[in-house]
Amino acid sequence: MFRVLVSDPISRDGLEPLLEANNIEIVQKNVSEEENLAQYDALFVRSATKVTEELMNQMPKLKIVARAGVGVDNIDVDQATRKGIIVINAPDGNTISTAEHTFAMIASLVRHIPQANMSVKNREWKRSSFVGSELHGKMLGIVGLGRIGTELARRAKAFGMRVAVFDPFLTKERSEKIGVEKHDFEELLTQADIITVHTPLTKETKGLLNKETISKTKKGVYLVNCARGGIIDEDALCTYLENGHVRGVALDVFEVEPPEHTRLLEFEQVIATPHLGASTKEAQLNVAYQVSKEVLLFIQGKQVTTSINLPAMSDEAYQKVAPYDSLAQKIGSFLSQYMNQPVQSITIEYEGTAAEIETAYVTKSMIASFLKQRMDININTVNAGVLARERGIQFIEKVSDQNSGYSNSMKVTIHGEQTTSEIKGTSIPHFGERIVSVNGFSIDFHPSGHLLYIQHTDVPGVIGNVGRILGNHSVNIATMQVGRKEKGGEAIMMLSFDRPLDQPILSALTELDEIVFVKAIEL
Ligand SMILES: NC(=O)C1=CN([C@@H]2O[C@H](COP(=O)(O)OP(=O)(O)OC[C@H]3O[C@@H](n4cnc5c(N)ncnc54)[C@H](O)[C@@H]3O)[C@@H](O)[C@H]2O)C=CC1
Ligand SMILES: O=C(O)CCC(=O)C(=O)O
């Protein structure tokens, strides 16, 4: 049974993909009211539930956190990544709703609609107090031209506004295509009549509009924040509302929610909504449906496509990656068992068609498989890179333009504290994966099952002696491959069996004079 805890109010209709599937239990209850958090495999949240390290520690089975919305600033993504928990969101399900809400806020702001509404309800009729401004011909400054910023720009243009944009990642081509003016931040500050922010809250965007930057804006500017509280500094807003530099402010989001900055809310020129950008039936259905479908993919062992902490990959792309993923896992596990020593670096080199796939995913998969042999915690492609780095293991990915005769190959080299080892493998369509070289010895075997690696001197009788010892212990050899670099030098044997070998057999083999090294490997 896969158990899902839905902590914030999420559209029940949007959960349909999960409700219709078998063996999935869905509980709709806030985390603060659930006594047995440890039983859940998945957690669904909007922005209210804070997914902290402490909460994740109480949920040892948690595999996936689904944010039914865009911003993941209420989720400790770094800690989730360390713990191997996938974080997904619904990147575009609420775009239109939030753009429409922002536009409604802008229109309300310049025409004083909320204030006029209150006044009429108080039985007043003060027409001259609420003279507004037209949007037509004004310049809207958009900070952050992502999904929401783009939809907002379209609506502003339809109202005859000029649209200036600052976004460090915006290309000239894209701004021309959308029909907006690309500016630097200073230009936008000094020229815009209305400035609205649509970035995530990050180290760079926290306090982007502050005492200093707001002082550069036009006198009488309107400021809007329907993205995240803190992008516009609330103290700075109070200062400039008080001295009249800022004419009006529209806020859907606050540094603390519900807002604690009571002084800010007391200004007549501030209009506010309680984080309603995505609060439409349509958006809530979209985001819940989007994350439910993703969680279902995860349960079915397929690729999720909207993960924050995994390389994004469609199921179609994964089908191309799958054979190499399997090979990488086998090599990672083999080398980890074979090299029983601390490791400094891992290099993975892709050649031929293997170099054309999503190599970052396969590299992480190989590292996860390597670390799994050594660590007793949940390791997967989400946290493999972080855990390797934390343990001082450097990993390097290379694409080789050499042609070693295979249509594809993957070579993994591991520098340990005492020795360096290297394995090369290839994936043959309809035939499976083969290891074609171990530490420079050419060989050819299928990396699976109960294996035995033997390094020995290339002298007559070794194979017979190995066969005799195994026979004396009633061990049947399933397959056997040999490889050597030169006549009479060192050589290797790779054997496979129907059952694992126990220690007395390995000890008996090690005692043979011509045997240098013996290692049982389970794949
Ligand atoms: N009020 C509400 O209910 C909602 C609020 N949001 C907020 O809106 C934000 C934007 O959402 P989307 O447009 O979907 O995200 P997005 O990821 O499509 O767009 C964000 C844009 O910000 C730009 N950006 C990043 N750093 C920047 C910087 N330092 N200066 C200028 N631009 C920068 C990026 O290049 C990107 O184009 C979300 O991060 C979320 O916090 C989203 C949905 C609902
Ligand atoms: O869940 C909500 O209503 C908040 C939406 C939001 O802020 C987001 O998607 O980033």
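In listed order, ligands and their atoms are each counted from 1. All of these numbers come straight from a predicted model, not from anything done at the bench. Atom set for the values below is all heavy atoms of this structure, side chains included, hydrogens, waters and symmetry mates excluded.
One option in His198, Glu204, His101, Arg147 has a heavy atom closer to atom 10 (C) of ligand 1 than any other, and that option is His198. For atom 22 (O) of ligand 1, the nearest non-hydrogen atom from the set Asn225, Leu201, Thr199 comes from Thr199.
Checked against a 3.5 angstrom limit, the closest N/O atoms of Ile148 and ligand 1 fall inside it. Checked by distance only, ligand 1 and Leu276 stay at 3.5 Å or farther apart across all their nitrogen or oxygen atoms.
There is no side-chain donor-acceptor pair under 3.5 Å between Ser11 and Asp13. With hydrogens and angles left out, the side-chain atoms of Asn408 and Glu356 include no donor and acceptor closer than 3.5 Å. Side-chain N/O atoms of Glu282 and Asn286 include no donor and acceptor closer than 3.5 Å.
Proximity of a side-chain donor or acceptor of Gln28 to a complementary backbone N or O of Pro9 within less than 3.5 Å is not detected. Judged purely by atom type and a 3.5 angstrom limit, Glu16 has no side-chain atom pairing as donor or acceptor with the backbone of Tyr289.
Residues Leu327 and Val362 are not in side-chain contact: their nearest non-hydrogen atoms beyond the backbone lie 4.5 Å or more apart. Considering only heavy atoms from C-beta on, Leu145 stays 4.5 Å or farther from Ser175 through its side chain. The shortest side-chain heavy-atom distance between Arg174 and Lys182 does not fall under the 4.5 Å cut-off.
Atom 38 (C) of ligand 1 has as its closest protein heavy atom Val70 CG1, 3.9 Å. From the protein, the heavy atom lying nearest to atom 19 (O) of ligand 1 is Gly146 CA, 3.2 Å. The protein heavy-atom contact nearest to atom 29 (N) of ligand 1 is Thr205 CG2, 3.5 Å. Of the protein's non-hydrogen atoms, the one nearest atom 7 (C) of ligand 1 is Ala227 O, 3.5 Å. With hydrogens left out, the protein atom closest to atom 37 (O) of ligand 1 is Asp167 OD2, 2.7 Å, a heavy atom. Counting protein heavy atoms only, atom 44 (C) of ligand 1 is closest to Thr98 OG1, 3.2 Å. Considering only non-hydrogen protein atoms, atom 40 (C) of ligand 1 sits nearest to Arg228 NH1, 3.8 Å. Closest protein heavy atom to atom 39 (O) of ligand 1: Pro200 CA, 3.2 Å.
Of all the atoms in ligand 1, the ones that sit under 4.0 Å from a non-hydrogen atom of His275 are 1 (N), 2 (C), 3 (O). Using a 4.0 Å cut-off to heavy atoms of Phe166, the atoms of ligand 1 that qualify are 30 (N), 31 (C). The ligand atoms of ligand 1 that sit less than 4.0 angstrom from a heavy atom of Asp252 are 1 (N), 2 (C), 3 (O). Of all the atoms in ligand 1, the ones that sit under 4.0 Å from a non-hydrogen atom of Gly144 are 22 (O), 23 (C), 32 (N).
The closest approach between any non-hydrogen atom of Thr95 and ligand 1 is not below 4.0 Å. Contact analysis puts Pro168 in contact with ligand 1, with a non-hydrogen atom separation below 4.0 angstrom.
Nearest heavy atoms, Ser292 versus Gly14: OG-O, 3.1 Å. In terms of heavy atoms, Ser279 sits closest to Arg46 at OG-NH2, 3.6 Å.
Contact annotation for Cys226 and ligand 1: only backbone heavy atoms (N, CA, C, O) come within less than 4.0 Å of the ligand.
In this structure, Phe159 has its ring center under 6.0 Å from that of Phe103.
The existence of a salt bridge linking Lys411 and Glu351 is excluded, since no basic side-chain nitrogen approaches an acidic carboxylate oxygen closer than 4.0 Å. With respect to the salt-bridge test (charged N to carboxylate O, under 4.0 angstrom), the residues Arg155 and Glu151 qualify. Using a cut-off of 4.0 Å between Lys/Arg side-chain N and Asp/Glu carboxylate O, Glu53 and Arg82 are scored as not salt-bridged.
Among protein residues, Arg46, Ser47, Arg67, Gly69, Val70, Gly71, Asn94, Arg228, His275, Ala278 come within 4.0 Å of ligand 2, judged on heavy atoms.
Note on ring orientation: taking the six-membered ring where Trp is involved, the planes of His112 and Phe130 are tilted (angle from 30° to 60°).
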